[in-house]
There are 2 protein chains.
Amino acid sequence: MDLSIGDLSRRVAVKVPTIRYYEQIGLLPAPPRTEGRQRRYGAEDVSRLSFIRHARDLGFEVDAIRELLSLSARPDQPCEPADRIVLRHLESVERRIAQLTLLRSELRHMLDDCRHGPVRECRIIQVLADHDECRHEHGKVS
Amino acid sequence: MDLSIGDLSRRVAVKVPTIRYYEQIGLLPAPPRTEGRQRRYGAEDVSRLSFIRHARDLGFEVDAIRELLSLSARPDQPCEPADRIVLRHLESVERRIAQLTLLRSELRHMLDDCRHGPVRECRIIQVLADHDECRHEHGKVS
DNA sequence: GTACAATCTCTAGCGACTAGAGGTTCAAGA
DNA sequence: TCTTGAACCTCTAGTCGCTAGAGATTGTAC
């Protein structure tokens with residue numbers, strides 16, 4: 001096991017610049033180098049990067065991943081902290097789903113109301129222009 | 001109607017630095033200034049900024065808002081382009097809802113499976129570590 | 001006239017990468 | 001052994017939509 005950054009990249013499906021980025025922010029340890037200063041990775045790095053990638057796929061933020069990684073390095077400790085991190089994330093996912101669902105229905109209404117005439121009569125533009133037109137509450141989305 | 005940037009900010013509920021930012025990126029026109037170079041806004045600016053804010057609340061990107069604004073300035077044109085912008089946005093909201101819904105169920109499973117023992121036995125950590133453990137497909141979420 | 005809140009410009013930071021320039025190293029084939 | 005060219009290196013800057021802060025100036029109420 002003596003992988004170049006490209007090998008690691010293909011194996012774990014994380015792009016090369018992203019691997020370097022993770023090293024830079026301290027998520028991955030700096031690996032040993034060849035004489036010509038190229039990075040060489042081992043089995044441990046494969047596991048760690050897989051962990052990171054999977055956690056990112058699940059939408060965890062880098063800081064949460066940092067905590068999860070340090071928890072997984074202490075197998076005797078209780079796992080409540082990991083639990084709490086996942087729960088916190090779940091709640092934020094649920095909040096975002098709620099917001100987006102509201103949003104979806106507003107956008108659908110806009111499209112339903114549109115009569116496809118000239119802009120002057122377009123409900124879409126009107127709703128946007130009259131900011132008191134509809135009083136739905138929807139938090140920041142993006 | 002001769003509003004300072006703070007007045008405009010309170011009236012439309014958009015923060016002062018954000019108003020300056022919108023001017024900088026060309027979303028709002030540069031207003032006239034007092035002798036001491038402070039910005040002074042009129043009714044037209046209130047409408048335009050309301051439009052922008054409402055569109056942002058609905059999750060439209062700045063580029064989409066630019067297009068919507070320029071459409072609303074041509075009331076004789078057909079409104080299909082506005083329609084298309086809204087539809088495109090709706091579709092992306094729907095995609096995100098779908099992703100997040102998948103995500104939610106994965107996170108729930110993780111929490112359900114957790115036996116609250118030591119980290120060694122924690123399903124949460126295990127699932128993250130074994131990246132082949134579960135083969136759900138979920139696109140990038142952010 | 002004086003205090004002080006509001007305004008000004010400018011730069012940098014957020015999160016999680018991504019892109020590109022310009023240079024070096026590695027590995028395979030001749 | 002030499003050569004080619006893909007892969008690697010570092011560094012900087014850009015993405016998006018703001019937000020924060022420094023340090024200076026202006027407006028306004030008393």
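Values below: all heavy atoms of this structure, side chains included; hydrogens, waters and symmetry mates excluded. First the proteins, then the strands, lettered A, B, ... as listed; each starts at 1.
Residue B:Tyr22 contributes atom OH, which lies 8 Å from atom P of D:dT19 at whole-angstrom precision. Whole-Å rounding puts the A:Arg10 CZ to D:dA7 P distance at 7 Å. For the pair B:Arg20 CZ and C:dT7 P, the computed distance is 8 Å after rounding to whole Å. If you measure from atom NE2 of B:His89 to atom P of D:dC16, you get 16 Å, rounded to the nearest angstrom. Rounded to whole Å, atom P of C:dA16 lies 9 Å from atom CZ of A:Arg66. As rounded to whole Å, 12 Å separates atom P of D:dG17 from atom CD1 of B:Ile52. The distance from atom CD1 of A:Ile5 to atom C1' of C:dA27 is 18 Å, rounded to the nearest whole Å. The interatomic distance linking A:Ile65 (CD1) with C:dC17 (P) rounds to 8 Å, in whole Å.
Across every non-hydrogen atom of B:His54 and A:Val127, the tightest pair is ND1-O, 3.1 Å.
The distance from the CD1 atom of A:Ile52 to the CG atom of A:Leu28 is 4.0 Å, given to the nearest 0.5 Å.
Applying the ring-ring contact (aromatic ring centres under 6.0 Å, His included) test to B:Phe60 and every residue at least two apart in sequence or in another chain returns B:His89. Residues passing the salt bridge (Lys or Arg N to Asp or Glu O under 4.0 Å) test with B:Arg88, sequence neighbours excluded: none.
For A:Arg39 and D:dT10, the shortest distance from a side-chain N or O to OP1 or OP2 is below 4.0 Å. For C:dT18, one of the phosphate oxygens OP1 or OP2 lies less than 4.0 angstrom from a side-chain nitrogen or oxygen of A:Thr18.
With a 6.0 Å radius and a threshold of 12 heavy atoms from other residues, nucleotides or ligands, A:Glu44 has its CD atom at or below the threshold. Taking a 6.0 Å sphere around CD of B:Glu94, one finds it holds more than 12 heavy atoms contributed by other residues, nucleotides or ligands.
The side-chain hydrogen bond (donor to acceptor under 3.5 Å, both in side chains) pairs that include a residue from residues 20-40 of chain B are B:Glu23-B:Arg39, where partners are two or more places apart or lie in different chains.
For DNA chain C, the neighbouring residues in residues 23-38 of chain B, judged by any heavy atom under 4.0 Å, are B:Arg33, B:Arg37, B:Gln38.
Helix-axis bend for the helix from C:dG1-D:dC30 to C:dA30-D:dT1: the local axis fitted to the five terminal pairs at one end deviates from that at the other end by 10°, rounded to 10°.
Minimum atom distance to the side chain of A:Arg40 is reached by C:dA27, of the listed C:dT18, C:dA27, C:dT7. Between C:dT7, C:dA16, D:dC18, one nucleotide has an atom nearer to the side chain of B:Tyr21 than all others, and that is D:dC18. Out of D:dC18, D:dC8, C:dT18, the shortest distance to the side chain of A:Lys15 is found at C:dT18.
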How far apart are the C-alpha atoms of A:Leu90 and B:Met110, what are their side-chain angles, what is the distance that settles it, and do they pass the side chain to side chain contact (heavy atoms under 4.5 Å, CB included) test? CA-CA 10 Å; A:Leu90 173 59; B:Met110 285 171 81; over 6 Å; no

Pair up each side-chain donor or acceptor in residues 64-82 of chain B with any protein partner under 3.5 Å, not counting sequence neighbours, and list the distances.
from	atom 1	to	atom 2	distance (Å)
B:Arg66	NH1	B:Ile25	O	2.8
B:Arg66	NH2	B:Ile25	O	3.4
B:Ser70	OG	B:Glu67	O	3.2
B:Ser72	OG	B:Leu69	O	2.9
B:Arg74	NH1	B:Ser70	O	2.5
B:Asp76	OD1	A:Arg120	NH2	2.1

